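Below is one structure; the comments refer to it alone.
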Amino acid sequence: MKYKLAFLVALFSLFSCAQQPKDSKTTTALPTTIEDINSSNVVDYIASKVKVYDKNPMYAIRPLHNNCVYEILINDHLAYKNYDLQKLGTPILINHYILKSGKQTITYRLYPLEDLMVDTYGKGETIHTLLKNTSMNIEVIKYEDVKTGTRIGDEILIEKHESLTKKGTREFIGSGLPYYEYTLTFKATVPYEIEGWSNGQDLIKYDKEELEAVVLKKYAQIKQLYLEQNVDKLVEIEYLDKSLREDISDYKDKKTIKEYWDNYYADIILEDKRFQSLEGSEMQFFGNNKIVTFRHPVTAPVDPRLKGKAALYFLNTEDSGRIIANFKGVYLFLPKGKPLTVENLQIL
């Protein structure tokens, strides 16, 4: 649910002795309305909404790239990114980007290596375009029931894609370009249906400056709530809807839901949160223009360490002295029929 440069392992010891967060309510009864959901009952509420079926199908992708860095979008929502030379070992589970059964899309975006070879191996040259031997191959995998097995022997290959080459050659079709994008489709059958961003408005129709101003106000609101440690308000506007979508589609059990919540809660109660400037980031659209976010660019970022990273992030210093960067991936959509206001923008 978020990106980090390092995992906050040491914070798990805080959960048993932490004081009640500011503005926290103490009720533990299962809420009957959305307004009653708070930090003390959100785990129980989400667990009550997750269904386990006779079969719990899970979909995944296994990308294999050469001589490029890349991003992968599922149904036009950013699902995975790789900006280094490492090959992915395990498949990427993608159910929480699948809202319902039917046709799904996979889009991959390929970028040149730039200075990656030089930075990694201390030799080579800067590469500004995609190479002749650039490639991206993707396998789409289905597990019949994630509750019974996700080993290699449980994989069912439902789609295999190999990047295109120029006619009559083995040369990558996008060689010489500074950017290449391709979309393929596959069919999925899932036992749930989630609204997600499907009911969102086309945000491109709004004046860019007006939209940007409202989005930045939403970011400022989220930042302030983290600084105030206002857990219950963050549950309401940030955590609940996003967690429901992910936990329902991944069929998470209550123990796993609680582990995710504890990790999220630990970020909020950190006393040392030094939020950084959004400078250098840019407004980007996903979800067929129904989703908006601020991210640092993949090409020529102001700081190479921020390449493709979420714009909203804070630093904190561990007891060991190590500085941790915690990136909050804030993806927003505006439900149909709602005017463009800070209150109406919802977090996915």
Side-chain angles (χ1 to χ4, degrees), residues 1-3 15 18 20-52 77-78 95-100 192-201 215 217-270 286-287 290-293 310 312 326-338 341-348:
M1 299 172 57
K2 61 195 170 189
Y3 302 109
F15 303 142
Q20 283 291 317
K22 299 175 184 177
D23 301 316
S24 175
K25 302 170 186 177
T26 57
T27 178
T28 56
L30 190 64
T32 56
T33 65
I34 296 295
E35 292 75 17
D36 294 329
I37 301 171
N38 56 64
S39 57
S40 64
N41 59 31
V42 65
V43 171
D44 289 330
Y45 179 81
I46 293 174
S48 73
K49 298 300 180 181
V50 176
K51 295 180 181 179
V52 177
H77 194 305
L78 184 62
N95 264 36
H96 46 272
Y97 304 107
I98 297 175
L99 301 180
K100 63 180 181 179
Y192 59 83
E193 185 168 335
I194 302 171
E195 184 176 274
W197 61 92
S198 62
N199 192 41
Q201 299 182 38
V215 171
K217 286 180 181 178
K218 190 72 173 185
Y219 272 56
Q221 178 192 43
I222 297 167
K223 172 184 173 180
Q224 187 59 36
L225 291 172
Y226 269 90
L227 292 174
E228 294 172 355
Q229 300 180 357
N230 193 332
V231 183
D232 287 329
K233 189 65 176 177
L234 284 167
V235 166
E236 176 189 339
I237 73 167
E238 180 184 46
Y239 188 79
L240 181 61
D241 287 344
K242 181 163 59 174
S243 296
L244 279 171
R245 174 173 62 86
E246 295 186 1
D247 296 348
I248 288 172
S249 60
D250 289 346
Y251 323 106
K252 289 192 180 117
D253 57 31
K254 187 174 179 179
K255 179 182 177 182
T256 305
I257 294 169
K258 178 65 162 56
E259 289 172 352
Y260 274 72
W261 164 254
D262 287 345
N263 190 29
Y264 176 79
Y265 174 76
D267 288 344
I268 300 173
I269 65 171
L270 280 172
F286 295 94
K290 295 178 180 179
I291 300 172
V292 64
T293 190
L312 186 65
N326 188 316
F327 294 89
K328 313 303 294 182
V330 179
Y331 293 88
L332 303 168
F333 80 106
L334 183 64
K336 290 180 180 177
K338 299 284 188 179
T341 66
V342 174
E343 293 73 23
N344 287 333
L345 278 177
Q346 296 184 18
I347 301 176
L348 287 165

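Numbers here are sequence positions counted from 1. The analysis underlying the following values was restricted to heavy atoms, covering all of them including side chains, and did not include hydrogens, waters or symmetry mates. Computed from a predicted model, the values in this text were never measured in an experiment.
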Within the side chain of [X], is there an N or O that forms a donor-acceptor pair under 3.5 Å with the backbone of [Y]?
X: Gln201; Y: Lys338; result: yes
X: Lys233; Y: Leu225; result: no
X: Asp36; Y: Asn41; result: no

Closest heavy-atom contact between [X] and [Y]?
X: Phe333; Y: Lys290; answer: CB-O, 3.1 Å
X: Ile37; Y: Pro31; answer: CG1-CG, 3.6 Å
X: Trp197; Y: Leu99; answer: CZ3-CD2, 3.9 Å
X: Ser249; Y: Ile194; answer: CB-CD1, 4.1 Å
X: Val50; Y: Lys252; answer: CG1-O, 3.4 Å
X: Tyr251; Y: Tyr192; answer: OH-CE2, 3.8 Å

Plane angle bin for Tyr331 and Phe286 - parallel if under 30°, tilted between 30 and 60°, otherwise perpendicular: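 The rings of Phe286 and Tyr331 stand perpendicular, inter-plane angle above 60°.
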Just say parallel, tilted or perpendicular for the rings of Trp261 and Tyr239, cut-offs at 30° and 60°.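 Perpendicular, since the angle between the ring planes exceeds 60°.
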I'd like to check Leu332 versus Leu348 (side-chain heavy atoms, cut-off strictly below 4.5 Å). Are they in contact?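 Leu332 does not reach Leu348 side chain to side chain.
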Any donor-acceptor N or O pair under 3.5 Å, side chains Glu246, Tyr260: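 Side-chain D/A pair, Glu246 to Tyr260: absent.
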What's the verdict on side chain to side chain contact (heavy atoms under 4.5 Å, CB included) for Glu259 and Asp262, showing C-alpha distance, side-chain angles and the deciding distance? CA-CA 5 Å; Glu259 289 172 352; Asp262 287 345; 5.7 Å; no
What distance do [X] atom [atom1] and [Y] atom [atom2] have between them, rounded to the nearest 0.5 Å?
X: Thr341; Y: Glu343; atom1: OG1; atom2: CD; answer: 4.5 Å
X: Asp44; Y: Lys258; atom1: CG; atom2: NZ; answer: 10.0 Å
X: Ser243; Y: Asp250; atom1: OG; atom2: CG; answer: 11.0 Å
X: Asn263; Y: Ile268; atom1: CG; atom2: CD1; answer: 10.5 Å
X: His96; Y: Leu244; atom1: NE2; atom2: CG; answer: 14.0 Å
X: Ile237; Y: Gln221; atom1: CD1; atom2: CD; answer: 4.0 Å

Any salt bridge between Asp241 and Arg245, counting N to O under 4.0 Å?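 No.
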Answer yes or no on whether Lys328 is positioned over the face of Tyr226, meaning its NZ or CZ is under 6.0 Å from the six-membered ring centre and within 45° of the axis.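 The answer is no, since Lys328 fails at least one limit relative to Tyr226.
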Check step by step if side chain to side chain contact (heavy atoms under 4.5 Å, CB included) holds for Val231 and Asn38. CA-CA 8 Å; Val231 183; Asn38 56 64; over 6 Å; no
Verdict with supporting geometry, Tyr219 and Thr293, side chain to side chain contact (heavy atoms under 4.5 Å, CB included): CA-CA 10 Å; Tyr219 272 56; Thr293 190; 3.2 Å; yes
